[in-house]
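What follows is one structure encoded as structure tokens, with my remarks underneath.
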Amino acid sequence: MSNSHSIVGSKIKGIRESKNISVDELSERSGLSAEQIESIETDDFLPSLGPLIKIARALGVRLGTFLDDNDELGPVVCRAEEHDRSGAISFSNDAAEARRNMDYHPLARQKAGRHMEPFIIDIQPSEEREFKLSAHEGEEFIYVMSGELEIAYGKEKYTLREGDSIYYDSIVKHHVHGALGKAARILALVYIPF
């Protein structure tokens, strides 16, 4: 696994240990199993954003803390050529093989104290039609830059094409994926109350 993937697990473990919190205690606080937390910390698998948000809340940190490189108090500029060079972070949806389908390019790693997480996300084509929906606190805004996207939201499904956008409450179970066999590139803003 590449370094861009491995930073998340090691940062979670480092924060947990610095706060003298055991895996079992973090499990109890987050509602995730101890095995799930250990798998995340050792980078055996990267979860969807929902479990990462639960871990962040249980540790008393922002989600962005797991992605940060530096702490910049002023504005942060992310140049177009930096999106691909900075390394993508992949998240799965509780399946190790799913991590290959979505690559997240963080746009504000250095911004300290942020409450929004902006990403460019490349979604690879997939023929899969069964998805495990997840929910977490906050709100999400998605703008389709190219391709075609499908969003399962509660009992509804929405198809979005280039130029379309959607804004929704993340507390409702949802899943974002490419439309059947289609790739997409999206701008996503995830707001998580702290």
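Computed from a predicted model, the values in this text were never measured in an experiment.
With sequence neighbours left out, Val23 forms a side-chain contact (heavy atoms from CB on, under 4.5 Å) with Arg16, Ala34, Ile37, Glu38, Glu41.
With contacts defined as side-chain heavy-atom distances shorter than 4.5 Å, the pair Thr159/Arg161 qualifies. Put simply, the side chain of Leu52 reaches to within 4.5 Å of the side chain of Ile12, judged on heavy atoms. In this structure, Leu180 and Glu127 have side chains that are in contact, with non-hydrogen atoms separated by less than 4.5 Å. Using a 4.5 Å heavy-atom threshold, the side chains of Asp169 and Tyr153 count as touching. Between Val176 and Ile186, some side-chain heavy-atom pair lies under the 4.5 Å cut-off.
Rounding to the nearest 0.5 Å gives a distance of 12.5 Å between OG of Ser30 and CZ of Arg57. Rounding to the nearest 0.5 Å places CD of Gln36 at 7.5 Å from CD1 of Ile55. Rounded to the nearest 0.5 Å, atoms OG (Ser10) and CD1 (Ile15) are 9.5 Å apart. In this structure, CD1 in Ile151 is found 4.0 Å from CD1 in Ile142, a value given to the nearest 0.5 Å. Once rounded to the nearest 0.5 Å, the distance linking NE2 of His177 with CD of Glu148 reads 10.5 Å. Atoms CG and CZ, from Asp122 and Arg185 in turn, are 4.0 Å apart once rounded to the nearest 0.5 Å.
The two atoms that bring Glu137 and Ser170 nearest to each other are O-CB, 4.1 Å, heavy atoms only. Across all non-hydrogen atoms, the minimal contact from Glu25 to Asn20 is OE1-O, 4.3 Å. Listed here is the closest heavy atom pair of Gly178 and Ile123: N-CG2, 3.4 Å. Nearest approach of Met145 to Leu187, heavy atoms of both residues: SD-N, 3.8 Å. In terms of heavy-atom proximity, Leu149 sits nearest to Ala184 at CD1-CB, 4.4 Å. The nearest pair of heavy atoms linking Gly181 to Pro125 is O-CB, 3.5 Å.
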Stepwise side chain to side chain contact (heavy atoms under 4.5 Å, CB included) check, Arg129 with Glu150:
CA-CA 11 Å; Arg129 293 293 87 196; Glu150 184 177 270; 3.5 Å; yes
Could you please spell out the steps behind the side chain to side chain contact (heavy atoms under 4.5 Å, CB included) verdict for Tyr143 and Leu189?
CA-CA 9 Å; Tyr143 175 83; Leu189 296 172; over 6 Å; no
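No donor-acceptor pair closer than 3.5 Å links the side chain of Tyr167 to the backbone N or O of Glu139. Although no hydrogens or angles enter the test, the distance criterion places a donor-acceptor pair under 3.5 Å between the side chain of Ser27 and the main chain of Leu32. A donor-acceptor distance shorter than 3.5 angstrom exists from the side chain of Lys19 to the backbone of Leu59, with no hydrogens or angles considered.
Judged by distance alone, the side chains of His174 and Glu140 do bring a donor and an acceptor atom under 3.5 Å apart.
In Glu17, the CD atom is crowded: over 12 heavy atoms of neighbouring residues, nucleotides or ligands sit closer than 6.0 Å.
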